[in-house]
2 protein chains.
Amino acid sequence: MGRGKIEIKRIDNATSRQVTFSKRRSGLFKKAKELAILCDAEVGLIVFSSTGRQYDFASTR
Amino acid sequence: MGRGKIEIKRIDNATSRQVTFSKRRSGLFKKAKELAILCDAEVGLIVFSSTGRQYDFASTR
DNA sequence: TAGACTATGTATAACTA
DNA sequence: TTAGTTATACATAGTCT
């Protein structure tokens, strides 16, 4: 999705990998929150970047 | 996305809620896996449906 | 029920500043 | 860099099986 199609494999370029991580991470968290709300589900999500930074979310229901 | 725009609030109808849960859950897990691969990140995701069924994923890096 | 279709809303790859 | 834009690929809401 986007200007071109991409293969699902590790992005070699460190800069693009970081940019993609930032964008896709926010998309993933948004969808996790939406699933919890729309479907009354409990969702827990934890992500560690390759540099070790942690991001998490937990719905409370 | 889809034929109409929806509000992000609990879906009242139990049947549509279950159908939406099933569709969005698979989309969420797909995106979690893609993030892990593309960005070399570690991702853990756990979801409990409103009926108590558990679904999870953990990347191994 | 659960699966397929498809029109349309959304996420995002590539680009620009 | 990091933030904003935009063209396009993708996800999915409503529908029909």
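As the structure is a prediction and not an experimental result, all values here were calculated from the model. Below, all heavy atoms of this structure are taken into account, side chains as well, without hydrogens, waters or symmetry copies.
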To the nearest Å, give me how far apart [atom1] ([X]) and [atom2] ([N]) are.
| X | N | atom1 | atom2 | result |
| --- | --- | --- | --- | --- |
| A:K23 | C:dA11 | NZ | C1' | 10 Å |
| A:E34 | C:dG9 | CD | C1' | 11 Å |
| B:L28 | D:dT12 | CG | C1' | 14 Å |
| A:R17 | C:dT12 | CZ | C1' | 18 Å |
| B:K9 | D:dA13 | NZ | P | 14 Å |
| B:M1 | C:dT6 | CE | C1' | 15 Å |
| A:F21 | C:dA13 | CZ | C1' | 18 Å |
| A:L38 | D:dG14 | CG | C1' | 15 Å |

### Task
May I ask you to say what B:T20 touches in the nucleic acid, namely base, sugar-phosphate or nothing, with a heavy-atom cut-off under 4.0 Å?
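Touches sugar-phosphate only.
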
### Task
Assign A:S16 to base, sugar-phosphate, or nothing according to its heavy-atom contacts below 4.0 angstrom with the strands shown.
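The residue A:S16 makes no contact with any strand.
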
### Message
Could you check whether atom CZ of B:R10 has more than 12 heavy atoms from other residues, nucleotides or ligands sitting under 6.0 Å from it?
### Response
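Count over threshold, so yes.
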
#### Entry: Syn/anti state for D:dT1 [syn: chi within 90° of 0]
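You should classify D:dT1 as anti.
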
I want to check something: taking the side chain as every heavy atom from C-beta on, are [X] and [Y] in contact at a cut-off of under 4.5 Å?
| X | Y | answer |
| --- | --- | --- |
| B:I6 | A:L38 | yes |
| B:V43 | A:L45 | yes |
| B:V47 | B:F29 | yes |

### Query
Got a donor-acceptor pair under 3.5 Å from the side chain of B:K5 to the base of D:dG14?
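Under the 3.5 Å cut-off, the side chain and the base do not form any donor-acceptor pair.
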
### Query
Hey, which of these two, A:N13 or B:R25, hits DNA chain D nearer its 5' end, going by closest nucleotide?
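This one resolves to A:N13.
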
### Message
Using heavy-atom distances to pick each residue's nearest nucleotide on DNA chain D, tell me which of B:R24 and A:V19 is more 5'.
### Response
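Result of the comparison: A:V19.
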
#### Entry: Residue mapping more 5' on DNA chain C - nearest nucleotide basis, B:G2 or A:R3
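Between the two, 5'-proximity favours B:G2.
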
### Message
If you compare every side-chain N and O of A:K31 against the phosphate oxygens of C:dT10 (OP1, OP2), does one of them come in below 4.0 Å?
### Response
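Checking A:K31 against C:dT10: no side-chain N or O falls below 4.0 Å of OP1 or OP2.
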
### Task
Identify the two heavy atoms, one from B:S49 and one from B:Y55, that lie closest to each other, and give their separation to 0.1 Å.
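Result for this residue pair: CB-CE1, 4.4 Å.
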
